[in-house]
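So the structure is just underneath, and the comments pick up after that.
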Amino acid sequence: MKVETALTRGEQLFPVRRVLQADGTLLEPLPDFLSHDVLKDVYRKMVFLRVYDQRCLNLQRQGRMGTFAPFSGQEASQVGSAYLLRPDRDWIFPTYRDHGAMHVMGVPLVNILRYFMGDEQGSRAPEGVNAFPISIPIATQLLHAVGAAWAGKLRGEDTVAVGYAGDGGTSPGDFHEALNFASVFNVGAIFFIQNNRYAISTPISRQFKAPTIAQRALAYDIAGVRVDGQDVLAVLTVMHEAIERARSGGGPTLIESVTFRYGPHTTSDDPKRYRAQEELEEWQAKDPIERLRRYLAAQGNWSDSDDEALWSAAREQVAAAVAEAEAMPRPSVDELFDYLYAEPTPNLLRQKEELKAYLARKEGGARG
Amino acid sequence: MKVETALTRGEQLFPVRRVLQADGTLLEPLPDFLSHDVLKDVYRKMVFLRVYDQRCLNLQRQGRMGTFAPFSGQEASQVGSAYLLRPDRDWIFPTYRDHGAMHVMGVPLVNILRYFMGDEQGSRAPEGVNAFPISIPIATQLLHAVGAAWAGKLRGEDTVAVGYAGDGGTSPGDFHEALNFASVFNVGAIFFIQNNRYAISTPISRQFKAPTIAQRALAYDIAGVRVDGQDVLAVLTVMHEAIERARSGGGPTLIESVTFRYGPHTTSDDPKRYRAQEELEEWQAKDPIERLRRYLAAQGNWSDSDDEALWSAAREQVAAAVAEAEAMPRPSVDELFDYLYAEPTPNLLRQKEELKAYLARKEGGARG
Amino acid sequence: MAKLTLIQAINDALRVAMRQDSSVVLLGEDIGINGGVFRATDKLIDEFGPDRVIDCPLAESGFMGAAIGMAVNGLKPVVEVQFDGFLAPAHEQVANHLSRIRHRSRGRFTCPMVVRVPSWGGIKALEHHSESIENWYLNIPGLKMVAPSNPYDAKGLLLAAIEDPDPVLFMEPKRLYRAFRAEVPEGHYTVPLGQAAVVREGSDMTVLTYGVHVHTALEAAEQAAAQHGWQAEVIDLRSLNPLDLDTIIGSVKKTGRAVVVSEAPRTGGFHSELIALINDHALEYLEAPVARVSGFDVPMPYLLSEDLYIPDAGRVLDAMQAVRTY
Amino acid sequence: MAKLTLIQAINDALRVAMRQDSSVVLLGEDIGINGGVFRATDKLIDEFGPDRVIDCPLAESGFMGAAIGMAVNGLKPVVEVQFDGFLAPAHEQVANHLSRIRHRSRGRFTCPMVVRVPSWGGIKALEHHSESIENWYLNIPGLKMVAPSNPYDAKGLLLAAIEDPDPVLFMEPKRLYRAFRAEVPEGHYTVPLGQAAVVREGSDMTVLTYGVHVHTALEAAEQAAAQHGWQAEVIDLRSLNPLDLDTIIGSVKKTGRAVVVSEAPRTGGFHSELIALINDHALEYLEAPVARVSGFDVPMPYLLSEDLYIPDAGRVLDAMQAVRTY
Ligand SMILES: Cc1ncc(C[n+]2csc(CCOP(=O)(O)OP(=O)(O)O)c2C)c(N)n1
Ligand SMILES: Cc1ncc(C[n+]2csc(CCOP(=O)(O)OP(=O)(O)O)c2C)c(N)n1
Ligand SMILES: [Mg+2]
Ligand SMILES: [Mg+2]
């Protein structure tokens with residue numbers, strides 16, 4: 001017997017939370033924590049993210065960077081999911097597309113650039129910034145988030161750990177195992193799923209049949225919510241609730257942020273093969289940055305010239321970071337061998353010498 | 001926001017289906033396909049399974065068999081889940097505990113005995129009996145069931161494939177991936193989950209937090225049902241529905257059969273370490289065989305002497321099968337090497353000769 | 001005969017196999033309308049439809065396990081794993097099932113399928129996109145393993161793999177996908193599994209390799225000839241299992257010197273097994289220790305350090321020197 | 001000093017570690033009230049409670065991944081995988097994360113944890129309960145690998161592994177769990193990783209092995225001495241990574257003959273790597289090819305054929321004969 005009741009009601013049970021409409025007007029009064037200063041700061045961060053994301057696409061096309069995964073269109077999720085966390089006491093476990101959230105958490109842009117340029121130093125978050133390196137294998141990092149939150153809980157701390165994934169990231173077994181562990185052990189993990197409707201070329205209809213991702217929460221008896229991923233105020237609001245729940249021992253939350261990436265999956269991808277131009281345009285009309293700008297402007301203390309100044313400041317900051325990143329030396333031979341273990345094994349020391357000797361013969365020891 | 005609505009209603013949304021009560025009276029009229037002859041046959045099969053299961057426990061204790069996984073207490077699930085399948089056109093993918101279902105599907109008891117005695121020949125189902133070998137790695141076989149049903153569907157056949165698992169089997173990622181694939185591709189797989197409340201020593205409260213397994217169906221937008229696993233008529237009824245659904249293109253079904261194993265997890269296990277005697281007794285009072293016997297007896301054409309004759313016939317058949325299994329020779333050296341590929345590679349032929357030469361030196365070539 | 005790149009040859013082989021045998025189905029991520037991230041399945045969905053070119057949910061264990069069920073029930077799945085590192089989530093299905101279904105059931109059930117894995121590094125991709133997965137399965141019996149080095153072999157070996165009655169791990173040198181073109185016959189032909197190719201004859205030393213490093217070895221061999229007048233015999237193993245031991249050992253006995261090349265980490269690579277086999281069958285012919293050219297015992301680095309890690313002709317030449325001047 | 005079985009020594013090591021360091025937590029299946037299927041964690045839940053002896057849902061990838069998150073955030077998890085074959089579902093977490101967190105983050109994040117795996121065959125268990133998983137990880141850099149052969153080493157190596165700042169795969173010879181007792185000191189001590197033990201001295205040949213086959217080798221060595229007067233040097237490697245190459249090569253140079261023993265399938269086993277290392281470092285000292293004693297290139301058979309597959313003293317003795325009479 002098919003249980004029609006809840007199924008076809010996935011969308012009713014999990015309505016999309018929205019605070020700010022596309023025209024920049026509010027649907028509900030803002031909570032206290034969303035002060036005007038916070039909103040401006042959030043706006044500033046979204047602009048900065050948009051600028052550097054677009055810059056990276058260019059750098060890659062110029063051959064100055066390796067494969068890059070852009071998030072433009074998803075800035076509300078990137079900023080909103082990380083903004084309320086404490087960098088030194090909470091944790092994030094990002095995917096290749098969540099470098100925006102990493103930056104919000106405190107990872108300098110230079111690191112992110114170096115990562116995509118192909119230097120492991122880019123994966124080394126500053127001390128005091130609990131941003132785990134990017135996990136490429138889909139959904140694996142959701143379990144790390146469970147473990148990090150759980151470790152905090154066992155020590156009596158109110159750690160929150162956010163695990164990121166996309167719509168495609170709900171399909172691997174680790175997604176299920178992570179939600180189940182978080183449920184059974186009631187840990188303060190937040191699963192922040194950016195449903196941008198495609199996993200590379202695969203549309204969500206090929207990824208799952210249920211109308212929402214949020215309804216997966218029912219399977220684990222945990223909290224679940226859908227949110228308008230183009231509305232940063234809504235994302236901040238649901239994150240605020242999820243963080244409160246986690247800190248107060250209320251357990252995990254599954255958040256489905258309904259969003260869209262404007263660009264290709266990565267710079268190796270051509271979205272025209274699988275996505276219609278109209279779909280893109282439809283989403284661009286709901287742009288998260290423009291939406292917040294309208295609201296700020298309507299409030300009367302955000303002018304066009306403020307805006308221009310902000311965008312050009314962002315461009316300058318990004319240019320400086322790019323220059324800094326490009327000036328950094330290539331990773332050394334020592335770095336290749338010295339970080340696998342706390343102490344390199346005799347075997348690794350032998351191999352390091354072997355490689356150094358070879359390079360010395362070959363190029364006069366130019367590197368390392 | 002916690003969606004209270006469906007969550008706390010897992011048990012209401014998925015009430016336990018029951019047809020026959022513990023006292024042997026019906027809750028609803030029997031459907032046509034459950035004729036009196038069928039009921040007697042089902043009863044006979046349950047008795048046979050109980051007899052051989054208990055016999056195997058003894059054989060293992062006498063050192064005449066390796067580790068054995070008994071299912072006593074779960075006969076209604078074993079018989080009810082396989083009884084309505086077509087052995088040559090449908091498929092089953094069993095666990096170590098589903099040799100009862102394998103037997104119902106058409107695997108001779110001798111095979112099952114040889115399997116537990118440690119001979120791969122035991123995993124060779126007869127031609128025309130689509131009973132896959134026992135899968136030990138938990139939940140992996142659910143995906144095979146999806147694939148087998150899918151292959152049939154792609155060829156335009158009305159194949160049904162049943163994948164078996166226990167309550168513990170709902171935790172690995174493969175459970176999730178199997179249900180999701182079956183949902184997305186709408187294949188005729190049936191996931192038959194015997195919730196016997198323990199995974200070795202781990203109680204279901206440590207396995208998942210939701211009140212039911214059946215409600216996992218909500219996550220995939222597929223049919224889900226809970227059934228009284230001590231009531232073979234109910235199991236047959238829900239299987240009948242699930243098979244109809246699968247054959248008619250209605251897609252997969254998740255069945256949670258609520259049951260209990262009377263014995264140890266396997267012969268290596270001591271259930272007294274983790275289970276109270278009262279819990280066992282409570283379930284023994286709901287015995288599936290005794291329940292059907294009461295019904296048959298109440299119908300007036302099943303006497304105590306019919307029953308005694310049936311049990312002693314079963315014991316004789318089992319004794320004959322044990323004798324046959326014990327008379328079989330040990331697997332040969334050729335068997336060890338010849339079945340890995342359709343044609344043994346040169347490497348394997350060399351290794352086979354090496355082993356034969358060694359055995360010839362050692363024991364005069366007694367084996368192989 | 002058309003000149004095709006290696007990836008075109010793969011695409012061609014898949015098309016030929018699918019036309020010929022309606023039980024061949026493809027499973028993987030983004031293989032349909034997108035034609036695969038490397039375009040191995042380009043346009044196949046147009047000809048064969050979405051029931052045979054199946055875009056799957058993002059779950060490697062899922063489609064590996066489902067493909068096993070399909071193969072057991074009469075289909076011939078060809079699974080594309082998007083990148084080598086993403087075979088890891090399917091490890092349990094591969095190690096504990098795919099490899100042993102025939103053995104376990106004493107021939108009653110079989111699992112004829114092919115797992116295509118774009119393999120190894122050199123394309124400056126992100127982490128986990130450059131692994132030597134052949135060595136994850138070296139010690140797990142039951143999988144045939146094939147690794148072409150050129151378009152002709154790629155097509156012929158893939159067709160042979162698809163027709164093989166047992167599971168085959170088919171490792172494609174992604175770095176060579178578009179590196180060059182070569183003549184590839186139209187229509188059906190096979191290159192049998194288990195036969196190495198002597199791609200350069202020589203009597204001074206034997207170089208054993210496969211996949212992308214056949215080309216590294218050939219480059220080094222030319223340099224050795226030019227610089228030192230040494231003639232290296234370069235053997236393209238093509239298939240790691242079954243392995244053409246006769247050709248390997250015959251050559252080593254002839255030359256008395258051997259270099260093994262693969263880009264996997266040093267410890268526990270197929271190169272180690274080759275040394276062990278030479279020890280078993282030709283030790284007394286060796287004039288020098290077999291030289292190993294391999295990656296190092298660290299993870300494949302991010303792209304700025306790839307060149308430090310991946311063997312180049314210079315390192316192979318050094319190894320040739322080592323075995324020659326021992 | 002108490003006489004303990006190997007499994008008791010493991011239990012003792014866990015207790016000592018947990019008393020000493022409150023960040024040590026145990027994760028696994030049935031390790032709590034049941035004390036583990038082999039009783040490695042017997043009664044630990046009584047002393048340390050369910051927050052530190054954590055019975056997990058049946059999902060190896062789940063608790064491996066969660067343990068990684070815990071280790072990154074300051075705990076020291078000791079994970080029990082119930083049987084070797086069930087490491088497979090956690091392969092992705094092990095291969096793609098556990099092994100490389102320090103490397104990937106250039107030391108910013110570390111993952112000090114131990115994965116305990118009851119390993120190898122010989123206990124007549126069901127399928128997938130008797131695997132040589134060391135070889136799944138041989139070519140995946142970043143994991144230390146330890147394999148004790150007796151109760152004293154088991155406790156000392158396990159304590160060293162738990163105190164190690166990096167991840168350690170700890171393979172326990174399940175067949176020896178209750179095979180014999182030996183003196184085991186009370187309280188804390190360690191046996192350092194990376195040091196082999198010469199468990200029998202001899203000058204006629206070197207036998208390299210680890211885990212359960214240290215005993216097979218010793219049995220064969222006694223027979224060789226009794227029957228032929230040959231004195232075999234038997235080396236218990238104890239740790240496969242780091243590997244005590246000096247002891248290995250020193251002995252082979254001394255004896256000029258080597259036998260390697262492990263029960264993994266022939267192709268791609270750690271035994272192959274040992275042969276390759278001898279090739280690299282001591283080829284010119286060899287009087288005969290190194291002899292491999294191993295399992296065969298088939299899956300570990302069901303129990304009636306286990307004896308055909310697992311090396312016994314007779315096969316080791318044959319190998320000794322081969323290297324002596326070459
Ligand atoms: C286990 C695994 N399989 C395959 C890939 C290749 N891959 C990278 S991203 C991606 C799609 C992910 O889609 P989604 O989860 O929706 O995230 P998005 O890229 O849309 O942010 C795939 C298949 C991978 N990284 N890991
Ligand atoms: C992947 C995997 N991990 C661990 C085991 C060991 N094991 C065998 S049965 C079992 C418990 C299974 O419980 P459940 O799924 O409830 O089935 P039941 O035994 O109760 O029928 C475990 C942990 C296994 N077989 N496979
Ligand atoms: Mg997506
Ligand atoms: Mg159970």
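So that the names make sense, note that chain A is the first sequence line, chain B the second, and so on, each numbered from 1.
One finds no salt bridge joining B:Arg350 and D:Asp297 here, because no Lys/Arg side-chain nitrogen approaches an Asp/Glu carboxylate oxygen to under 4.0 Å. With respect to the salt-bridge test (charged N to carboxylate O, under 4.0 angstrom), the residues D:Asp318 and B:Lys362 do not qualify.
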Output, in order, the C-alpha distance, side-chain angles, deciding distance and verdict of side chain to side chain donor-acceptor pair (under 3.5 Å) for B:Tyr358 and D:Asp312. CA-CA 11 Å; B:Tyr358 170 64; D:Asp312 58 15; 2.7 Å; yes
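Between D:Phe296 and B:Leu355, the closest side-chain pair of non-hydrogen atoms falls below 4.5 Å. For the pair B:Arg330/D:Asp307, a side-chain contact is recorded, criterion being any heavy-atom separation below 4.5 Å from C-beta on.
Considering CD1 of B:Ile136 and CZ of D:Phe83, their distance stands at 10.0 Å, rounded to 0.5 Å. Once rounded to the nearest 0.5 Å, the distance linking CG of D:Leu303 with CE of B:Met65 reads 10.0 Å. To the nearest 0.5 angstrom, D:Asn34 atom CG is 10.0 Å from B:His265 atom NE2. Atom CE of B:Met117 and atom NZ of D:Lys124 lie 13.5 Å apart (nearest 0.5 Å). Taken from CD in B:Gln121 to CG in D:Leu304, the straight-line distance is 11.5 Å, to the nearest 0.5 Å. Distance check: D:Cys56 SG to B:Gln207 CD gives 10.0 Å after rounding to the nearest 0.5 Å.
For a residue to count as touching a neighbouring chain, one of its non-hydrogen atoms must lie under 4.5 Å from one of that chain's; by this rule D:Phe86 touches chain B with the side chain only. Looking at B:Leu348, only its side chain comes within 4.5 Å of chain D, counting heavy atoms on both sides. Of the atoms belonging to D:Pro89, not a single heavy atom falls under 4.5 Å from chain B.
Looking at every heavy atom in both residues, B:Ser171 comes nearest to D:Ala59 through O-CB, 3.7 Å.
Taking B:Tyr115, B:Phe116, B:Tyr96, B:Tyr274 one by one and counting their heavy-atom pairs under 4.5 Å with chain D, the maximum is reached by B:Tyr115. For the set B:Gly118, B:Gly169, B:Ser123, the entry with the most heavy-atom pairs within less than 4.5 Å of chain D is B:Gly118. Per-residue counts of heavy-atom pairs under 4.5 Å with chain D were compared for B:Tyr339, B:Phe208, B:Phe337; the largest is that of B:Phe337. Comparing D:Leu58, D:Val37, D:Ile33, D:Val298 by how many heavy-atom pairs each has under 4.5 Å with chain B, the most go to D:Leu58. Counting heavy-atom pairs closer than 4.5 Å to chain B, the top-ranked of the candidates D:Arg266, D:Glu29, D:Glu127 is D:Arg266. Contact tally against chain D (heavy-atom pairs below 4.5 Å) for B:Ser201, B:Gly66, B:Ala139: the top residue is B:Ser201. Annotation: maximal heavy-atom pairing with chain D below 4.5 Å, among B:Ala69, B:Gly173, B:Pro137, occurs at B:Pro137. Ranked by non-hydrogen atom pairs under 4.5 Å with chain D, the options B:Ile200, B:Asn347, B:Leu340, B:Asp174 are led by B:Ile200.
Between the side chains of D:Asp55 and B:Thr202, no donor-acceptor pair of N or O atoms lies under 3.5 Å.
Applying the salt bridge (charged side-chain N to carboxylate O under 4.0 Å, His left out) test to every pair with at least one member in residues 260-273 of chain B, sequence neighbours left out, gives these pairs: B:Arg273-D:Asp42.
Under the rule for a ring-ring contact (aromatic ring centres under 6.0 Å, His included), the partners of D:Tyr137 that lie at least two apart in sequence or sit in another chain are D:His91.
In B:Glu354, the CD atom is crowded: over 12 heavy atoms of neighbouring residues, nucleotides or ligands sit closer than 6.0 Å.
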